[in-house]
Amino acid sequence: MARHRRIVLAFWVLILLGGALAQPQLDQRLLAPDLSVDHSESATAAELVSERFPTLGDEQHVIVFDSATVDVDSGAYRTVITDALAAAASTSGVRVLIGPWDRPDRQISADRHAAYAVIGLDGDMPARSEVAGRLAHALDAHSTAQVTVAATGNSAIMNDVIEVEKADTVVAEMIGMPIAFALLAIALGGLVAAFVPIGVALAAILLCVGVLFGLSTMMPVNPLMLSMSTMIGTGVGIDYALIVVSRFREALRRNLADDVDPADAVDAAVAESSGAAGRTVLASGVIVMVSMCALAIVPVQLFRGVALSVSAAVLGTLLVSVTLLPAVLAVLGRRIERGALPSWLGTAVHADPTANRSARWARTVMRRPLAFGLTAVAVLAALAWPISAISYGNDIGVSQIPDSSAGRAASVLSREFGPGMLAPIQLVVAGAPGSPSVATTTDRLIAEFTGDPRIVGFDRIPGDGAVLLSVVPAVPVDSPESAALVRDLRAHARVIGAESDAAIALGGTTAAFVELAEVVTDRMAWVVAAVLTCSLLLLVIMLRSIVLPIKAIAMNLLATAAALGITVMVFQWGWGEQVLDFTSRGFLQAFLPITVFVVLFGLSMDYEVFLIHRIREFWDRAATGDAQANIDSVADGIGHTARYITTAAAIMVVVFGSFVTAQVTEIKQIGFTLAVAILLDAFVIRMILVPAFMRLMGRWNWWLPRRTGPGPVGAQRAADADR
């Protein structure tokens with residue numbers, strides 16, 4: 001890469017230009033995330049509705065009319081309703097089902113200032129998202145100074161949330177990038193050196209944008225995929241480049257001090273940084289991508305999309321790190337030291353790493369390993385305890401879009417007609433055409449829940465050998481109470497269905513949310529087992545040890561659990577609502593814990609591999625295998641890497657933490673959890689538990705059973721094993 005630097009740079013300029021041009025096109029193609037579980041009961045219900053009730057469409061929406069000054073009986077109000085319904089009917093993919101005057105007792109408010117019409121949208125989820133967008137545009141033209149008109153429903157709300165999410169990502173990047181650059185400049189002691197990791201991160205993001213744009217032609221791409229890939233791509237891009245740049249500068253200074261020809265010194269430094277730090281980067285990236293693949297165990301399109309987008313971001317970062325970065329370093333050469341900052345900023349990077357504060361701290365920990373180790377474990381375990389009370393749910397996002405058309409319409413609908421009108425629960429009772437069991441079964445279902453205070457009413461819609469029973473909750477569709485109602489309905493429906501010839505399927509938005517939470521709970525153990533198994537095998541190969549990979553996995557589990565425990569305290573229990581500007585719903589987003597676990601487990605291995613590889617270098621150099629060599633190698637390894645691990649961690653905390661400014665709940669929760677976990681991993685795990693554990697284990701840190709044979713090769717392997 002260094003030898004052919006001009007060709008490499010020209011190649012990357014073209015690729016990144018393509019990514020930049022694809023950015024606005026990708027923004028226009030973002031669609032609502034698919035939260036449905038593959039082959040679930042709600043999916044079966046949706047298929048039955050489409051098959052037996054074709055006139056209803058594939059998703060039911062409402063058009064909400066509202067006025068503060070006139071009522072529905074005025075001529076102006078009637079004209080707005082008539083014109084808006086005509087515009088909706090002429091919009092491709094929209095079916096007008098029930099107008100306000102078809103059921104005035106139910107669809108016109110008590111004060112006669114608000115009304116709604118029921119409509120149906122055709123197509124799968126991506127298609128419905130597009131239809132909802134066209135409908136919103138068509139209705140905008142029919143709002144007047146006296147009467148407002150807007151459509152709301154799951155797809156309409158998701159479309160507006162997407163716009164907020166895109167704005168959140170831009171704001172987070174504008175906050176995170178300048179702070180990250182300042183931290184890099186202080187850590188590396190110069191402005192030019194600090195620009196390199198930022199450039200690598202931006203290049204990786206542009207490459208990922210180009211990949212996502214290509215994927216959008218074959219599959220739906222949602223804003224969560226873009227936000228996650230941007231978040232992770234920025235963090236690991238800066239992280240990986242920092243490791244390589246720090247190793248390059250160290251090697252370059254050493255070569256120049258040995259009076260090596262400047263050109264040869266640069267080439268040798270590029271080779272060393274790519275051969276040592278570059279190998280660490282590749283190892284870390286592979287672990288992240290392998291961890292992300294475990295999400296495929298969960299049968300939900302959302303998880304497959306996140307796994308694909310984050311893997312694309314990490315792969316892009318690796319490609320940039322092993323191709324573009326060496327070429328850039330070769331071009332810069334000694335110029336990478338330009339723009340040096342004054343030493344009073346704490347930017348002196350030439351001090352002896354074996355005697356700095358980090359090395360001295362490591363020796364302090366190793367003098368009392370049990371005391372430090374047990375204290376750290378106790379603190380992390382206490383922080384992890386709230387996980388035992390974790391509760392899953394899904395915030396549909398109405399509170400996050402108060403100023404959008406769909407958000408305002410949802411607020412009017414909830415205030416005037418009840419919160420459950422936004423997305424009623426659907427019970428489809430199907431049987432043979434003319435079968436009396438369909439009617440009997442429907443009657444039993446209604447009788448079982450008549451008088452339930454959680455239900456406002458029932459709508460009974462006959463179809464082709466089926467009945468659609470629409471249950472309108474008295475509580476919000478994304479509340480724990482609504483989820484409990486779904487579980488009760490499902491339990492009774494199964495008992496009644498077992499005693500009847502009719503088949504019953506329960507569907508709707510709330511039912512899909514409940515199924516998502518259940519499948520996440522069911523598959524969590526499988527995902528964790530897959531990640532741990534693959535990580536253990538990879539770490540054994542990379543670290544050439546049995547004990548250290550087991551230690552790394554145990555510590556990472558503890559740090560991840562502690563971060564999730566803090567997230568429960570903040571977002572589920574509501575500690576810090578005022579500071580972080582949100583209102584707790586009493587649960588975490590259902591997909592958050594499993595997604596965060598997979599991402600964190602991969603990311604935390606960056607520091608593990610980087611640190612242990614450096615400790616191994618000093619251990620091998622000592623070649624004595626005694627207790628003092630173990631202490632010295634750990635202290636020297638931490639002394640050489642702590643500055644960069646701390647900086648990389650601080651940058652990741654800033655990048656992830658900047659997403660706490662987001663208005664969208666899941667982005668805020670994910671950014672917060674990742675930031676807290678990286679903080680715990682870098683400062684508690686790496687700076688306390690690692691030196692304490694390695695001091696206690698001594699030479700067993702490097703134990704790895706090997707087969708040895710006769711002759712000098714076998715003898716050397718035996719000596720290596722003993723050492």
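A salt bridge does not link R408 with D66: none of the charged nitrogens is closer than 4.0 Å to a carboxylate oxygen. A salt bridge links R460 with D443: the closest approach of a Lys/Arg side-chain nitrogen to an acidic carboxylate oxygen falls below 4.0 angstrom. Remark: R304 engages D38 in a salt bridge, criterion side-chain N to carboxylate O under 4.0 Å.
When only modelled atom types and interatomic distance are considered, D501 and S437 share no side-chain donor-acceptor pair under 3.5 Å. Between the side chains of Q400 and T665, at least one donor N or O sits under 3.5 Å from an acceptor N or O. Using a 3.5 Å distance cut-off with no hydrogens or angles, the side chains of T441 and S500 do pair a donor with an acceptor. Side chain to side chain, E666 and Q589 meet the donor-acceptor criterion of an N or O pair below 3.5 Å.
For the atom pair CG of L564 and CG of L383, the computed distance is 11.5 Å after rounding to the nearest 0.5 Å. Note: I446 CD1 to L427 CG = 9.5 Å, rounded to the nearest 0.5 Å. Here CG of L97 is found 8.0 Å from CD1 of I119. Values are rounded to the nearest 0.5 Å. One finds the OG1 atom of T509 at 10.5 Å from the CG atom of N394 (value rounded to the nearest 0.5 Å). Once rounded to the nearest 0.5 Å, the distance linking CG of L469 with CD1 of I425 reads 10.5 Å. Distance check, rounded to the nearest 0.5 Å: CG of L121 to CD of E130 gives 12.0 Å.
Using a distance-only test at 3.5 Å, with no hydrogens or angles considered, no donor-acceptor pair links the side chain of T148 to the main chain of T144. Side-chain N or O atoms of R52 include one that pairs as donor or acceptor with a backbone N or O of G465 at under 3.5 Å.
Under the rule for a side-chain hydrogen bond (donor to acceptor under 3.5 Å, both in side chains), the partners of S479 that lie at least two apart in sequence or sit in another chain are E481. A search for side-chain hydrogen bond (donor to acceptor under 3.5 Å, both in side chains) contacts involving E59 returns H61, R128, S155, not counting sequence neighbours.
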Self-check item: From CA spacing to verdict: salt bridge (Lys or Arg N to Asp or Glu O under 4.0 Å), D459, R103
Solution: CA-CA 12 Å; D459 276 336; R103 294 190 305 182; 3.1 Å; yes

Quiz prompt | Residue pair V64, F417: steps toward the side chain to side chain contact (heavy atoms under 4.5 Å, CB included) verdict | solution = CA-CA 11 Å; V64 181; F417 303 99; 5.7 Å; no

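Put simply, the side chain of N222 does not reach to within 4.5 Å of the side chain of L31, judged on heavy atoms. Residues V94 and R134 are not in side-chain contact: their nearest non-hydrogen atoms beyond the backbone lie 4.5 Å or more apart.
No more than 12 heavy atoms of other residues, nucleotides or ligands shown are found within 6.0 angstrom of CG on D581. In W526, the CH2 atom is not crowded: 12 or fewer heavy atoms of neighbouring residues, nucleotides or ligands sit closer than 6.0 Å.
Considering every non-hydrogen atom in both I504 and A493, the closest pair reads CD1-O, 3.4 Å. Closest of all the heavy-atom pairs between Y77 and A114 is OH-CA, 3.7 Å. The two residues F571 and S584 come nearest to each other via the heavy atoms O-OG, 2.8 Å. The heavy-atom pair separating V96 from A88 by the smallest distance is CG2-CB, 4.1 Å. F53 and V467 make their closest contact through CZ-C, 3.6 Å (heavy atoms, listed as atom of the first residue, atom of the second, distance).
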